[in-house]
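Per chain, numbering begins at 1; letters A, B, ... match sequence-line order. Every heavy atom of this structure was used, including side-chain atoms; hydrogens, water molecules and symmetry mates were not.
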Amino acid sequence: MSVDIQTVKRVARLARIAVSEEDAARMTGELNTILGFVEQLNEVDVSGVEPMTSVTPMAMRKREDIVTDGNKAADIVANAPATEENFFLVPKVVE
Amino acid sequence: MSDLTRLTIAEARAKLRAREISAAEITDAYLAAIDQANPLLNAYVAVTHDKARDMAKASDSRLAKGEGGELEGIPLGIKDLFATEGLHTQACSHVLDGFKPRYESTVTSNLWADGAVMLGKLNMDEFAMGSSNETSYYGPVVNPWRRSRVQTTVKPTFHDGSAGFVKPGGVDENRTYDNMQLVPGGSSGGSAAAVSAFLCAGATATDTGGSIRQPAAFTGTVGIKPTYGRVSRWGVVAFASSLDQAGPIARDVRDAAILLKSMASVDAKDTTSVDRPVPDYEAVLGRPIKGMKVGIPREYRVDGMPEEIEALWQQGIAWLKDAGAEIVDISLPHTKYALPAYYIVAPAEASSNLARYDGVRYGLRVPGKDIVDMYEKTRAAGFGREVKRRIMIGTYVLSAGYYDAYYLQAQKVRTLIKKDFEDVFAAGVDVILTPATPSAAFGVADQDMAADPVKMYLNDVFTVTVNMAGLPGISVPAGLDSHGLPLGLQLIGRPFDEETLFQTAHVIEKAAGRFEANQWW
């Protein structure tokens, strides 16, 4: 399978990365090189093989459903580019 | 003073405990070495002088009271991927500009609890994506090793004057060093270069496809990627969560064993960390390997592999055989599919993990006309080319209509890769010996690699299988190539059998000796 420039632009949109016409053209070539490389996986007979979900057999450890952490609003917003009263500020999303 | 930087962790630990040297002295020696060498090597992206001196002072007072921990007063470098409270933590990406976490990673917390001293944050490929440290926003790291050739000068013969005998003057052998800058490998290039150049006693690193073992091999250092789950991933910036694992890079096998013991722990904050005791890895060093079954996988003999790598491998086999190990030929039939499967699984997980860099919660924000425009501009400016490439691949293979063909197929192949190893271990093989990398260190800005991303990816051809199967792997220096550059051998073990890796690597180290770069920095 290979991608065309329109697909690359659509994927960039999905990934929320702005691309120029030039970027998209370059990426099309690069992505096709990589997709060409991974193509060989189709040779492998995977009939009856389960996809891996966990690399080591483990049961998910669960803890008690109690509050163990919190009251750290100031810490959480400390690194944000724009905040007000412990809220993240973003460009207006609703008119 | 500068001699102190030459001590291994084990040696420094003994001298610190005996109070022959102080933590302040050894820390100052390292800081001076860094200040001098870092402009040339670019191994550190942040040097924490004050923090280091404060920690060393605290270590000295604990040592004075006889309360020193396992790593008391040992100065370490930390890969920029580990969250360190209030300090530079940016995964060497522009998108995390100015990020100073309000928390500490579990690995570094463990090291500080054992008394280690932090020297600074180490350079790396952006978000650990790369095999040369050239994708770092902070520029490439320079390998302390340089290519050299042996220049032979035949001395003139001379008469000794008495009975007219002519004696041969003999030959002089000198190495002439090439100025060409070489990469230290990646992604833990700063860690490997700093350890190799004596700019820290040891370093933390991480390995998703070979990022500990390949740079260790390129710099003549020892690097171990532990079993998935042995070391907590909490506070380590995520790249591909099912593959990422932290481990140490050190000057020798013993130091790597000392560091891993401190780094490893079960952690309630990482549900994939495993609840089993951490062994005393040092205790196995020197134990005989007589009767141990060492597997040699035929699929690791790849096309175009340099003869020197094959020769190194044969040398490793001979050393282990001499030590009494039983050598068996084995087959890992799906080896060639590990790298292509990796380049689906790792980018898929990365595209999801890196979705959080949106200009809202931390780091860079580039203003836009609306929120989506702000996201897109921030991410376009914040991520480098390689990171974007991987996010794009990951987004594509997970997108509607392609999931089964790519991601699901890759995860099935991954099951088969793991089964290859399980079959071999079930047949009684204790450890597997392979080359660590298909070549020695290459040049900075290598044209071939720059032109074709897949060429760069092939660096990990021998290491990536281990991540795909969640196994432990260690790279240990085993020799020099014809240019005088270090080459490593890799040992792969059963899950949670890091002890056998240390035990066997120690045998190789004893046979091969240790390798130091000729100091020019």
Next item on the list: Evaluate the criterion side-chain contact (heavy atoms from CB on, under 4.5 Å) for residue pair A:E50 and B:K412; output intermediate values, then yes/no.
Entry: CA-CA 6 Å; A:E50 286 293 312; B:K412 287 178 180 172; over 6 Å; no
Margin query: Counting only non-hydrogen atoms closer than 4.5 Å, does B:S273 touch chain A with its backbone (N, CA, C, O), its side chain (CB onward), both, or neither?
Written below: both
Next item on the list: Check whether B:M374 gets within reach of chain A through its side chain, its backbone, both or neither, counting any heavy atom under 4.5 Å.
Entry: side chain
Item checked: Heavy-atom proximity to chain A below 4.5 Å, by part of B:Y406 -> side chain
Item checked: Heavy-atom closest pair, residues A:A78 and B:R102 -> CB-NH2, 3.2 Å
Next item on the list: Counting only heavy atoms closer than 4.5 Å, note whether B:K336 contacts chain A via side chain, backbone, both or neither.
Entry: both
Note to self: Does any backbone or side-chain atom of A:R13 lie under 4.5 Å from a heavy atom of chain B? Answer side chain, backbone, both or neither.
What the structure shows: both
Margin query: With a sphere of 6.0 Å drawn around CZ of A:F88, does it hold more than 12 non-hydrogen atoms of other residues, nucleotides or ligands?
Written below: yes
Item checked: Heavy-atom contact with chain A under 4.5 Å, split by part of B:D452 -> side chain
Margin query: If we define contacts as heavy-atom pairs under 4.5 Å, which of A:V19, A:V77, A:L89 has the most with chain B?
Written below: A:L89
Next item on the list: Looking only at non-hydrogen atoms, find the nearest pair between A:M52 and B:T415 and report the distance.
Entry: N-OG1, 3.1 Å
Check: Counting distance only, does the side-chain N/O of B:K388 pair as donor-acceptor with the main-chain N or O of A:I17 below 3.5 Å?
Finding: no
Item checked: Segment of B:V266 engaging chain A (4.5 angstrom heavy-atom cut-off) -> side chain
Note to self: What part of B:P347 gets within 4.5 angstrom of chain A, counting heavy atoms only: side chain, backbone, both, or neither?
What the structure shows: neither
Next item on the list: For B:G470 and A:V55, work out which heavy atoms get closest and say how close.
Entry: N-CG2, 3.3 Å
Notebook entry, point to check: Can you tell which of A:L41, A:V3, A:L14 has the highest number of heavy-atom pairs within less than 4.5 Å of chain B?
Noted result: A:L41
Item checked: Donor-acceptor contact present, side-chain A:N79 to main-chain B:G363, <3.5 Å -> no
Check: Which bit of B:Y342 is near chain A, if near means a heavy-atom gap under 4.5 Å: side chain, backbone, both or neither?
Finding: neither
Notebook entry, point to check: Can you say whether A:V8 sits under 4.5 Å from chain B via the side chain, the backbone, both, or neither, judging by heavy atoms?
Noted result: both
Notebook entry, point to check: B:R361 side chain to A:A80 main-chain N or O, any donor-acceptor pair under 3.5 Å?
Noted result: no
Check: Most heavy-atom pairs under 4.5 angstrom with chain A, which of B:L364, B:N467, B:I344?
Finding: B:I344
Check: Can you name the nearest heavy-atom pair linking B:Q409 to A:V46, along with the distance?
Finding: OE1-CG2, 3.5 Å
Notebook entry, point to check: What pair of heavy atoms forms the shortest contact from B:K377 to A:A18, and how long is it?
Noted result: N-CB, 4.3 Å
Checklist line | Under 4.5 Å from any heavy atom of chain A - which part of B:Y103 | finding: neither
Margin query: Need one label for B:A341: side chain, backbone, both or neither, based on atoms under 4.5 Å from any heavy atom in chain A.
Written below: both
Item checked: Interchain contact, B:S351 with chain A, by part (heavy-atom threshold 4.5 Å) -> neither
Check: Is it the backbone or the side chain of A:T53 that comes under 4.5 Å from a heavy atom of chain B, or both, or neither?
Finding: neither
Notebook entry, point to check: For the side-chain contact (heavy atoms from CB on, under 4.5 Å) test, which of A:V44, A:V38, A:N42 pairs with B:P340?
Noted result: A:V38
Item checked: Which portion of A:R61 sits near chain B, non-hydrogen atoms under 4.5 angstrom -> both
Next item on the list: Among A:L31, A:I34, A:V11, find the residue that satisfies the side-chain contact (heavy atoms from CB on, under 4.5 Å) test when tested with B:Y396.
Entry: A:V11
Check: Is chain B contacted by the side chain of A:D23, its backbone, both, or neither, given a heavy-atom distance below 4.5 Å?
Finding: neither
Next item on the list: Under 4.5 Å heavy-atom distance to chain B, tell me which part of A:Q40 shows up: side chain, backbone, both or neither.
Entry: both
Notebook entry, point to check: Would the number of heavy atoms belonging to other residues, nucleotides or ligands and lying under 6.0 Å from CD of A:E43 be above 12?
Noted result: yes
Note to self: Quick check for you: among B:R389, B:K419, B:H334, which has the greatest number of heavy-atom pairs under 4.5 Å with chain A?
What the structure shows: B:R389
Notebook entry, point to check: With only heavy atoms counted, which part of B:L339 is less than 4.5 Å from chain A, the side chain, the backbone, both or neither?
Noted result: both
